[in-house]
Every structure is written in structure tokens, then in C-alpha cells.
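Have a look at the structure below, then the notes.
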Amino acid sequence: MSTKIWLSSPHMGGTEQGFVNEAFETNWIAPLGPNVNGFENDLSLFLGNDTHVAALSSGTAGLHLGLVLLGVKAGDEVICQSMTFSASANPIAYVGAKPVFVDSEEDTWNMSPEMLETAIKARIVAGVTPKAIIPVHLYGMPAKMTEIMAVANKYNIPVLEDAAEALGSSIDGRKCGTFGDIGVLSFNGNKIITTSGGGALVSHNSDLVKETRFLSTQARDEAPHYQHSKIGYNYRISNLCAGVGRGQMEVLPNRIQQRRDNYKKYYDRYNGKAGIHFVTEPTGYFSNRWLSTIMIDTAAAGFSREDMRLALEKDNIESRPLWKPMHMQPIFEQYEFFGNGVSEKLFANGLCLPSGSNLTDADFERIFKVMDEFVK
Ligand SMILES: *Cc1c(COP(=O)(O)O)cnc(C)c1O
């Protein structure tokens with residue numbers, strides 16, 4: 001059997017171990033230390049635009065703290081993009097609130113600004129104003145943030161931007177994660193850069209970020225003894241993981257270029273073929289192309305998404321259907337959903353292709369050999 005080609009595997013740059021060794025040599029083996037501060041600095045410099053960053057143990061932790069900081073409480077409603085990974089929506093349940101799911105639009109596959117406004121109006125008529133909006137930048141493609149922020153501002157609802165997949169993506173030069181009141185990043189093993197596990201909360205509001213550091217380290221008040229006036233969390237990143245992150249930040253521009261090159265390879269080879277559709281960047285949009293994806297229209301192509309996925313799997317090549325929308329998930333299907341059919345179609349026909357920044361030319365030859373059998 002040939003070696004496995006993964007969808008998206010970790011790709012170290014080489015300097016990560018130096019930062020980790022330094023942590024050992026100085027005995028900073030704790031969820032605080034120079035690497036944590038250094039990693040936060042690297043991230044705010046990269047994001048620009050006066051952003052403050054708190055590094056955390058995961059992106060999910062960032063979304064949970066984001067909702068806590070926005071004051072979302074039990075019984076409240078939170079609007080969330082339906083087409084996403086469950087980690088966008090689970091934190092709504094952690095705070096005891098109810099999700100209201102909103103469908104995507106065709107251009108970016110992310111939250112439709114029109115459906116968002118429809119949902120807000122309907123919920124206000126029903127007597128509840130949603131407490132937060134969670135748009136997501138799927139596979140690195142920025143959501144229509146200008147339009148989403150306009151709707152959010154019109155109804156005065158804060159935005160918690162799930163930028164877990166979109167580090168380095170931007171609209172007109174402004175980085176994803178810096179549009180909303182709060183942005184969240186992830187450094188899980190499969191993301192564009194990784195700390196093995198980790199995340200960050202991003203905001204222009206430095207008080208909010210200070211509060212994030214406070215809450216994520218058990219909310220200890222200033223006192224010689226342990227004194228608490230708020231519920232705390234153990235969500236800070238380890239100084240060892242942050243060391244990996246500092247090394248990864250040195251190669252981030254490189255990783256973005258490599259992922260974009262992957263996309264271009266698929267696009268150049270298969271765009272325009274019968275039944276194959278790519279999602280392209282609207283003017284001014286820049287995607288980090290975390291994952292390369294295609295849509296397969298079975299009738300026009302003469303084969304289905306599953307036909308191709310299974311053929312790739314047979315050759316030990318990992319590919320995967322797009323995210324299954326939250327409104328179709330057994331755990332979430334009881335909740336309100338404002339739909340237009342887009343996310344259901346994406347789930348039925350979409351495929352994520354191998355997208356790691358460490359894919360070799362030989363890997364691509366193997367992938368293309370299988371795909372060429374279908375795409376004529
Ligand atoms: C990965 C991911 C998360 C969660 O991040 P973790 O660091 O794995 O907790 C949240 N939202 C989306 C869209 C993701 O892809």
C-alpha cells in the first residue's frame with residue numbers, strides 16, 4: 001500500500017524546537033511564560049490594525065470566552081452560520097443559550113447577509129433580539145464581513161467572528177479575525193499553522209483581551225490568597241505549545257503561499273470541466289486556501305462526490321465531504337433555521353481535497369491520476 005496522503009497535516013518550519021528547548025532550559029513549563037507573550041506579539045503584529053491577542057488552549061475555548069465576554073446568558077439566542085464545524089456552535093450550548101442557524105450564500109459559502117437580516121427580523125417579531133452573531137470564514141474564504149457588519153450594526157448586535165480556518169485571509173487588506181467585536185483563531189493540528197492544540201481571542205478592545213487573560217487563568221482577584229469574584233476558566237495556552245506557535249509564525253506567509261499554490265494546481269487542471277465548480281475570490285477578497293474544495297454536479301459530471309471520494313480513499317488518499325450543516329445535525333436539528341438551500345447543496349456535492357502545505361509533486365501526481373479517471 002502506498003503511503004497515506006492526508007487532507008491537511010502539521011508542517012513544522014524547523015525553528016519550533018528551539019523555542020521549546022528554551023522553555024525547558026528556563027523551566028517555563030506552565031501556561032504562562034515568554035513564549036506565550038512572544039506568540040501573542042507575533043500574532044498582533046501579523047494581524048495589524050491595532051489588534052490585541054490572548055493566546056488560549058483552543059479555538060473552541062476562544063469562542064466560549066467570546067460569548068461569556070459578550071454577556072450571553074442562559075436562555076439567550078445566538079445566530080450562527082449553519083455551514084460550519086460543530087465547534088462554532090457548541091459554545092452557544094456551553095453558556096446555556098439557544099442557536100439560531102442561518103444559511104450561506106453562493107459566492108463565499110459563508111453566512112448570507114440577507115438571510116441574516118431575515119433571521120434577526122423574525123426573531124425580533126417573535127420577541128427576542130439575538131445577543132450575538134457568529135459568522136465563519138470557511139476553508140479560509142472570508143465571509144461577506146462588510147455586509148454582515150452593516151446588518152449587525154443596524155440592529156446593534158455584537159459579532160463573534162470565527163476565523164479558526166482563516167489566519168492570513170483578508171478583505172481589501174484587512175485580516176480576518178479583526179472585523180467583529182471579537183475574533184477567534186485556531187492552531188489545532190490540521191489548521192494552516194499549528195501549536196498541536198491552541199487558539200486565540202482577538203479584539204481591538206484591549207480591556208476585553210485583558211479580561212480574557214484573567215478569565216482564562218481561573219479569574220484570580222488581586223490578593224495573597226485565592227480570591228474569586230467571577231467564574232474562571234483554565235483556558236490559557238501552555239508555554240510549550242506557544243513555543244511551537246512562535247516557530248510556526250516565522251513560516252506562516254510561506255504556508256499561505258503553499259496552500260494557495262495547491263488550490264491553483266487543482267483549479268488550473270479541472271476548472272471548466274463538465275460538472276466541476278470552484279469557489280473563486282470576489283474582488284478584494286484573499287483566501288488563505290486552508291482547504292482546496294470542489295463542487296461536483298453529479299448530473300453534469302457523470303459521477304458523484306462520493307464516487308470520487310471513495311476512489312481516492314482506495315488509493316490511500318484522504319478527502320472529505322464539506323461540513324455537514326448544523327441544522328442537519330441530530331444534536332441541533334430542533335433549533336430555528338433560516339434557510340435558502342445553499343448549505344444543503346454544498347454538503348451534498350462538495351469535496352475537500354488534500355491541501356497540506358507539505359504535499360509533494362509526487363503526491364499531486366497520485367491525486368491527479370485518480371481524479372483524471374473521472375474528470376474528462
Ligand atoms: C477548528 C475549528 C474550530 C475549533 O478550533 P479548535 O482549536 O479545534 O478548538 C472552530 N471553528 C471552526 C470553523 C474550525 O474549523
Side-chain angles (χ1 to χ4, degrees), residues 6-10 31 39 43 53-68 78-95 99 101-102 104 108-111 132-143 145 148 159-169 176-177 179-180 182-202 212 216 233-238 241-242 244-245 248 255 259 287-293 320-327 329 331-332 343 346-347 350 352 355-356:
W6 297 95
L7 192 68
S8 176
S9 69
F39 186 39
L43 285 165
V53 177
L56 302 171
S57 55
S58 72
T60 310
L63 289 161
H64 186 185
L65 286 183
L67 291 174
V68 169
V78 174
I79 292 185
C80 183
Q81 183 166 321
S82 182
M83 184 75 194
T84 187
F85 178 46
S86 63
S88 305
N90 284 336
I92 300 170
Y94 300 168
V95 297
F101 294 111
V102 166
S104 292
T108 70
W109 299 358
N110 294 309
M111 183 180 279
I133 302 167
I134 307 179
V136 190
H137 310 292
L138 279 192
Y139 308 117
M141 181 64 79
M145 288 314 292
I148 289 171
V159 170
L160 175 56
E161 193 188 343
D162 184 346
E165 303 178 0
L167 178 59
S169 301
C176 287
F179 288 93
I182 294 175
V184 172
L185 303 169
S186 166
F187 314 110
N188 208 330
N190 61 348
K191 297 286 159 51
I192 193 156
I193 61 165
T194 182
T195 58
S196 76
L201 186 146
V202 177
T212 303
S216 66
Y233 302 82
N234 184 6
Y235 279 173
R236 201 76 162 119
I237 197 170
S238 150
C241 296
V244 178
Q248 288 271 277
R255 297 297 180 259
R259 299 247 176 188
S287 170
N288 70 10
R289 294 291 182 192
W290 172 54
L291 295 186
S292 291
T293 55
R320 200 175 289 163
L322 301 193
W323 299 124
K324 181 172 180 177
M326 291 306 109
H327 73 273
Q329 298 286 356
I331 190 70
F332 289 127
S343 63
L346 291 170
F347 176 58
C352 298
S355 303

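Start at 1 and go down the list; that is how both ligands and their atoms are numbered.
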**Asked** Atoms of ligand 1 less than 4.0 Å from Val136 heavy atoms?
**Response** 13 (C)
**Request:** Measure from the side-chain N and O atoms of Arg236 to the backbone N and O of Ala55, and report whether any donor-acceptor pair falls under 3.5 Å.
**Result:** yes
**Request:** Taking atom types as modelled, find out whether Ser82 and His327 have a side-chain donor-acceptor pair closer than 3.5 angstrom.
**Result:** yes
**Side-chain (Glu161) to main-chain (Gly180) donor-acceptor, under 3.5 angstrom** = yes
**Request:** Please determine which of Met83, His137, Gln81 meets the side-chain contact (heavy atoms from CB on, under 4.5 Å) test together with Met111.
**Result:** Gln81
**Request:** Name the closest protein heavy atom to atom 11 (N) of ligand 1, giving the residue it belongs to and the distance to 0.1 Å.
**Result:** Asp162 OD2, 2.7 Å
**Item:** Side chain proximity check, Glu165 to Asn288, heavy atoms < 4.5 angstrom
**Value:** no
**Request:** Quick one: look at Val184 and ligand 1, take heavy-atom pairs under 4.0 Å, and tell me if it's side chain, backbone, both or neither.
**Result:** neither
**Fill in**
re atom 5 (O) of ligand 1, the protein heavy-atom contact at minimum distance is Ser186 OG, 3.2 Å
**Message:** Please confirm whether the ring centroid of Tyr233 lies under 6.0 Å from the ring centroid of His64.
**Reply:** yes
**Prompt:** Can you name the closest pair of heavy atoms from Thr84 and Met326 and give their distance?
**Reply:** O-CE, 2.9 Å
**Fill in**
For Thr84, the atoms of ligand 1 under 4.0 Å from one of its heavy atoms are 13 (C)
**Prompt:** Where on Thr60 is there a heavy atom closer than 4.0 Å to ligand 1, on the side chain, on the backbone, on both, or on neither?
**Reply:** both
**Request:** Using distance alone, determine whether Asn188 and ligand 1 share an N or O pair under 3.5 Å.
**Result:** yes
**Message:** I'd like to know if Gly198 contacts ligand 1, where contact means a heavy-atom distance under 4.0 Å to any ligand atom.
**Reply:** yes
**Request:** Pull out every atom of ligand 1 sitting under 4.0 Å from any heavy atom of Phe85, numbered as shown with elements.
**Result:** 2 (C), 3 (C), 14 (C)
**Prompt:** Out of curiosity, is Ser88 lining ligand 1, as in a heavy atom under 4.0 Å away?
**Reply:** yes
**Prompt:** Between Trp109 and Tyr139, how do the two ring planes meet: parallel, tilted or perpendicular, split at 30° and 60°?
**Reply:** perpendicular
**Asked** Going by atom types only, do Ser88 and Asp162 share a side-chain donor-acceptor pair under 3.5 Å?
**Response** yes
**Subset of ligand 1 atoms that lie under 4.0 Å from at least one heavy atom of Gly59** = 5 (O), 6 (P), 7 (O), 9 (O)
**Request:** Would you mind checking which non-hydrogen protein atom is closest to atom 15 (O) of ligand 1, with the distance to 0.1 Å?
**Result:** Glu165 OE2, 2.6 Å
**Arg259 side-chain N/O to Ser355 backbone N/O, donor-acceptor pair under 3.5 Å** = yes
**Asked** Which ligand 1 atoms are under 4.0 Å away from a heavy-atom of Ala87?
**Response** 3 (C), 4 (C), 10 (C)
**Prompt:** Closer than 4.0 angstrom: is that true for some heavy atom of Lys191 and an atom of ligand 1?
**Reply:** yes
**Request:** Please identify which atoms of ligand 1 are closer than 4.0 Å to at least one heavy atom of Ser58.
**Result:** 7 (O), 9 (O)
**Message:** Please work out, at 4.0 Å between heavy atoms, whether the side chain, the backbone, both, or neither of Ala164 comes within that distance of ligand 1.
**Reply:** side chain
